[in-house]
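Quick notes on the structure that follows.
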2 protein chains.
Amino acid sequence: MEKTTAIEALAALAQETRLDIFRALVEYQPDGLPAGKIGELLKLPGATLSFHLNQLKHAGLIQSTRDGRSLIYTANTEAVDLLADFLREDCCSKSVGPAASNSTSFSNMG
Amino acid sequence: MEKTTAIEALAALAQETRLDIFRALVEYQPDGLPAGKIGELLKLPGATLSFHLNQLKHAGLIQSTRDGRSLIYTANTEAVDLLADFLREDCCSKSVGPAASNSTSFSNMG
DNA sequence: GCGATCTTTCCATATTTATAGAAATAAGAA
DNA sequence: TTCTTATTTCTATAAATATGGAAAGATCGC
């Protein structure tokens, strides 16, 4: 996962309203929810909701399909899994770096 | 992990400069780096660096210890692991919720 | 087409976050 | 104590993000 992609996903989830929206969509997997229902559940005015849905969509965390007058939003849980992988592997996991002077070096193993 | 704690950690990492700082500290685990060295590596003015270090510290992602005139910062990789766990488990993992009408229901298993 | 419903975009405004120079604080050295 | 180095806090400012009313765009039923 690209660093910039990860930052966008992190930023998208680093906001209470959006995290709540996303969790609601995860809860209603795999059917998803129409925008109006989300706004009803979380008591959000249309414009505010739409703004946050857009952020989540741009970050690749949700997608939408039209069903008549409604837009059904669904969570892309795979994107979250990739983000978790990024945090653990590409980004921030424990590793022995240049300045390491740890006493439990395994440099003469195998 | 609390939702608010997770949001603070997500917000802390959702910013390029801070993510870079954190990654540098992970790379220099477990010794860490003095603030000045971080600023030198990432070419950041003191005040800007200090601002971001503070954000990361408040989010529980790094900590500091004094060594003479220097403050040595170290990454708290465990916090990132907990954040990754939160994303996978408490928050956003695939699950069958209230509205689920999936055709691969296991309701009459076992 | 017209009205009703669902949702988005437009817009103004409020709030939060980032940037960085300058002054202040902390600690060791002379 | 005074100087030097390392870092933070103060302060102002710029930039990005969030909020929500009002208008506009889609879609359906009549």
Side-chain angles (χ1 to χ4, degrees), chain A residues 3-25 28 31-75 99, chain B residues 3-25 28 31-75 99:
Chain A
K3 187 174 84 170
T4 53
T5 311
I7 287 175
E8 278 171 38
L10 288 166
L13 295 176
Q15 210 272 352
E16 184 159 29
T17 304
R18 281 195 297 268
L19 188 57
D20 289 346
I21 291 171
F22 191 82
R23 289 177 116 174
L25 292 178
Y28 281 83
D31 295 12
L33 286 172
K37 196 80 191 173
I38 303 171
E40 199 179 292
L41 281 170
L42 304 178
K43 294 177 174 61
L44 294 171
T48 301
L49 173 66
S50 205
F51 168 78
H52 289 301
L53 288 172
N54 219 27
Q55 306 281 306
L56 288 165
K57 199 172 186 176
H58 267 108
L61 290 166
I62 63 175
Q63 58 261 17
S64 64
T65 53
R66 187 171 276 281
D67 175 24
R69 273 171 287 204
S70 295
L71 284 170
I72 309 295
Y73 282 90
T74 48
Chain B
K3 188 174 83 169
T4 54
T5 312
I7 287 176
E8 278 171 38
L10 289 165
L13 295 175
Q15 210 274 352
E16 184 158 29
T17 304
R18 281 195 297 268
L19 188 57
D20 289 345
I21 291 171
F22 191 82
R23 289 176 116 175
L25 292 179
Y28 282 84
D31 294 11
L33 286 171
K37 198 79 192 175
I38 303 171
E40 199 178 293
L41 281 170
L42 303 178
K43 294 178 174 62
L44 293 170
T48 302
L49 173 66
S50 206
F51 168 78
H52 289 301
L53 287 172
N54 219 26
Q55 307 280 305
L56 287 165
K57 200 171 185 178
H58 267 108
L61 290 166
I62 64 174
Q63 59 261 18
S64 63
T65 53
R66 187 171 276 284
D67 175 23
R69 273 172 288 202
S70 295
L71 284 170
I72 309 296
Y73 282 89
T74 48

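Here is how names work: the chains are called A, B, and so on, in the same order as the sequence lines, proteins then strands, and each is numbered from 1.
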Should [X] be listed as having a side-chain N or O under 4.0 Å from OP1 or OP2 of [N]?
{"X": "Ser70(A)", "N": "dT7(C)", "value": "yes"}
{"X": "Thr48(B)", "N": "dA20(C)", "value": "yes"}
{"X": "His52(A)", "N": "dT19(D)", "value": "yes"}

Notebook entry, point to check: Can a donor-acceptor pair under 3.5 Å be found between the side-chain atoms of Arg69(A) and the base atoms of dT7(C)?
Noted result: no
Taking the side chain of [X] as heavy atoms from C-beta outward, which of [options] is closest to it?
{"X": "Ala47(A)", "options": "dT17(C), dA26(D), dC10(C)", "answer": "dC10(C)"}
{"X": "Arg66(B)", "options": "dA27(C), dT19(C), dT27(D)", "answer": "dA27(C)"}
{"X": "Pro34(A)", "options": "dT7(C), dA18(C), dT19(D)", "answer": "dT7(C)"}
{"X": "Ser50(A)", "options": "dT7(D), dT8(C), dT19(C)", "answer": "dT8(C)"}
{"X": "Tyr73(A)", "options": "dA18(D), dT8(C), dT8(D)", "answer": "dT8(C)"}

Next item on the list: Could you check whether Gly68(B) gets within reach of a base, just the sugar-phosphate, or nothing at all, counting any heavy atom under 4.0 Å?
Entry: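 Answer is sugar-phosphate: Gly68(B) comes under 4.0 Å of backbone atoms only.
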Margin query: Counting the atoms with a prime plus P, OP1 and OP2 as sugar-phosphate, which does Gly36(B) contact under 4.0 Å by heavy atoms, base, sugar-phosphate, or nothing?
Written below: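 If one applies the 4.0 Å heavy-atom cut-off, Gly36(B) turns out to touch the sugar-phosphate alone, with no base involved.
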Nucleotide [N], atom [atom2] - distance to [atom1] of [X] in whole Å:
{"X": "Ile38(B)", "N": "dA6(D)", "atom1": "CD1", "atom2": "P", "result": "14 Å"}
{"X": "Ile62(B)", "N": "dT7(D)", "atom1": "CD1", "atom2": "C1'", "result": "13 Å"}
{"X": "Glu8(A)", "N": "dT17(D)", "atom1": "CD", "atom2": "P", "result": "10 Å"}
{"X": "Ile72(A)", "N": "dT7(C)", "atom1": "CD1", "atom2": "C1'", "result": "12 Å"}
{"X": "Arg18(A)", "N": "dA16(D)", "atom1": "CZ", "atom2": "P", "result": "16 Å"}
{"X": "Ile21(B)", "N": "dT7(D)", "atom1": "CD1", "atom2": "P", "result": "13 Å"}
{"X": "Leu53(B)", "N": "dT9(D)", "atom1": "CG", "atom2": "C1'", "result": "14 Å"}
{"X": "Asn54(B)", "N": "dT25(C)", "atom1": "CG", "atom2": "C1'", "result": "15 Å"}

Notebook entry, point to check: Among all residues two or more places apart in sequence or in another chain, which pass the salt bridge (charged side-chain N to carboxylate O under 4.0 Å, His left out) test with Lys57(B)?
Noted result: none
Note to self: Just so I know, are the side chains of Ile62(A) and Leu53(A) near enough to count as touching, which here means a heavy-atom distance under 4.5 Å?
What the structure shows: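 SC-SC contact between Ile62(A) and Leu53(A) confirmed.
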Next item on the list: For Leu19(A) and Lys3(B), work out which heavy atoms get closest and say how close.
Entry: CD2-CG, 3.7 Å
Margin query: Exactly one of Leu44(A), Ile38(A), Leu42(A), Leu41(A) should register a side-chain contact (heavy atoms from CB on, under 4.5 Å) with Asp20(A). Which one does?
Written below: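 The single option meeting the side-chain contact (heavy atoms from CB on, under 4.5 Å) with Asp20(A) is Leu42(A).
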Checklist line | Whichever of Gly46(A) and Gln15(A) has its nearest DNA chain D nucleotide further upstream toward 5' | finding: Gln15(A)
Checklist line | Separation between CG of Leu49(B) and OH of Tyr73(B), rounded to the nearest 0.5 Å | finding: 7.5 Å
